[in-house]
Visitor: 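Dumping the structure here so I can ask a few things about it.
Naming convention: chains lettered A, B, ... in sequence-line order (proteins, then strands); numbering from 1 in each chain. Heavy atoms only: backbone and side chains are in, while hydrogens, waters and symmetry mates are out.
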Protein chains: 2
Amino acid sequence: MASLGKTTAEPRTRLNRDRVLHTAIALADANGIEALTMRRLGEELGVEAMSLYNHVANKDDLLNGMVDAVFGEIDLPSHSDTWKIAMRKRSVSFHDALSRHPWAIGLRDSGTQPGPATLRHHDRVIGTFRNGGFSLALAAHAFSAVDSYIYGFAMQEKSLPFTTEEETAVMAQIMLAQLPADEYPYLAELTANHVLQPGYNYSDEFTFGLDCMLDALERESQASD
Amino acid sequence: MASLGKTTAEPRTRLNRDRVLHTAIALADANGIEALTMRRLGEELGVEAMSLYNHVANKDDLLNGMVDAVFGEIDLPSHSDTWKIAMRKRSVSFHDALSRHPWAIGLRDSGTQPGPATLRHHDRVIGTFRNGGFSLALAAHAFSAVDSYIYGFAMQEKSLPFTTEEETAVMAQIMLAQLPADEYPYLAELTANHVLQPGYNYSDEFTFGLDCMLDALERESQASD
DNA sequence: CAACATAAGCTTACGACGTAAGGAAGTAAT
DNA sequence: ATTACTTCCTTACGTCGTAAGCTTATGTTG
């Protein structure tokens, strides 16, 4: 079997930038960004660390590439929806992407070295506002306001020491027990009578703030015409 | 001179946690958080790196302490203002603090190991909403919404490769020149006709989004009574 | 003052990290 | 078959956080 002379017959798939990037993302998803080292990534790919430098310029380039890949996962705002519905959908999709890849939140390829997916995404968001009747200045304001909220929410979410509802209950109980209730009465009240109530899940707060922002933007856009 | 037998007469001020923390903050402010190493911090304090461990448990403890110190710089919401004015003032103060110490944005002592200043700050913010007539649930929503916006805005601001108006103009010009305008028409338009206009300064966008959020919250609180 | 306990500081060392430099081996084009 | 070019590996350097164990100040008690 396997008698053809020409085949190398080894499943040694060659490396390429895409494989490096996506393995790095899987690693960061699974073990956190601090566990993503060049040596560990090489190991995962069956290769020495230095071989990776044939496909990425350096670790920063790797990280930027990863972030751009995350931006590529976000649904672009649809042309067929109103600006408000389109922005709501893409904002939820944005939030979902950051939940899947929380390590991407602080990395910020955008601003310094935005990749093509990042640029396309931003372009389409601004275009959605413009086509929705927003002036250039208002579109800039809206872009900044909505994305700030999404980033910030994702950051707070990431920093919480719990994710599921059960974890939340356990952690909140612990924190409440350690909290000097006389010194921080409002924090204690919030923890006991809100966070510890059954069904509480911080992620649910996302759409509240998002809708606040979108409603406010709608009023701004109507006020200016 | 200095003949009293008892004096050691050396200006070798002893180390303490506060001096360590504030020197670390100054270093991070001046050279960025990545330049803050235990050895460099020790050098700055005239001490070997290992000596610092008499005053901080480890580097994480140092970073958490630094973040809590930043929270201590934020003006607490005033009791004598209405909730909206109080929140606006403290939000601007929050933003100012994060501008002075941009390295604090991703570090997040809150959530995992909030320090006393962080706790007090959060308690007072929640208290301001509660005393303004917000239900417990609405106060939680509002807290999350406003702080998410502030954090996210600060993060975007930090990631920009420019700060002053002149820098902005220079960088925008460069970016615009590299930008394929046919592929990203809205981004190109925004850069050319808004960012590059005289007087543009991204920081000014902060209060726009903040007021959107506060106005929306005001409507929410009125709807529920 | 002396004797001691405790805290603050120093020295050395270890195992990670990112990555520079240069050699070896595989692949493709002449 | 020769050449050129990628790709991958080996070795090595400097830097990081910090464990272990010391020496030296400082403070307390007689």
Visitor: Taking CG from B:Leu41 and P from D:dT18, how many angstroms apart are they, rounded to a whole number?
Guide: 12 Å
Visitor: So which nucleotide from C:dG9, C:dG18, D:dT18 ends up closest to the side chain of B:Tyr53?
Guide: D:dT18
Visitor: Grab the CG-C1' distance between B:Asn54 and C:dC10 for me, whole Å please.
Guide: 10 Å
Visitor: Just the rounded figure in Å: distance from P of C:dG26 to CZ of A:Arg14.
Guide: 11 Å
Visitor: Take the protein atom CD of A:Glu34 and the nucleotide atom C1' of D:dC16, then report the distance between them rounded to whole Å.
Guide: 16 Å
Visitor: Starting at CG of A:Leu52 and ending at P of C:dC17, how long is that distance when rounded to a whole Å?
Guide: 13 Å
Visitor: Looking at B:Asp75 and B:Arg90, would you say the former's side chain and the latter's main chain have a donor-acceptor pair under 3.5 Å?
Guide: no
Visitor: Does C:dC10 have OP1 or OP2 sitting under 4.0 Å from an N or O in the side chain of B:Ser51?
Guide: yes
Visitor: Both B:Leu15 and B:Arg39 contact DNA chain C. Which one's nearest nucleotide lies toward the 5' end?
Guide: B:Leu15
Visitor: Apply the side-chain contact (heavy atoms from CB on, under 4.5 Å) test between B:Val56 and each candidate in B:Asn64, B:Leu41, B:Leu62, B:Leu63; give the one that qualifies.
Guide: B:Leu62
Visitor: Looking at the side chain of B:Thr37, which of D:dG17, D:dC9, C:dT19 is the nearest nucleotide?
Guide: D:dG17
Visitor: Check the distance between D:dC16's P and B:Ile33's CD1 and give it to me in whole angstrom.
Guide: 14 Å
Visitor: Can you tell me the distance, in whole Å, between the CG atom of B:Asp61 and the C1' atom of D:dG17?
Guide: 14 Å
Visitor: Has the side chain of B:Tyr149 got a donor or acceptor atom that lies under 3.5 Å from a matching backbone atom of B:Phe206?
Guide: yes
Visitor: Using whole Å, what does the distance between atom C1' of nucleotide D:dA19 and atom CE of B:Met50 come to?
Guide: 7 Å
Visitor: Think A:His55 has a side-chain N or O under 4.0 angstrom from the OP1 or OP2 of D:dC8?
Guide: yes
Visitor: Is the A:Phe94 to A:Phe71 ring centre distance short of 6.0 Å?
Guide: yes
Visitor: May I ask you to check whether A:Phe143 and A:His122 place their ring centers less than 6.0 Å from one another?
Guide: yes
Visitor: Taking the minimum atom-to-atom distance to the side chain of A:Val47, which one of D:dC8, D:dT18, C:dT11 wins?
Guide: D:dC8
Visitor: From the list C:dT19, D:dT7, C:dC10, which nucleotide is the closest neighbour of the side chain of A:Ala49?
Guide: C:dT19
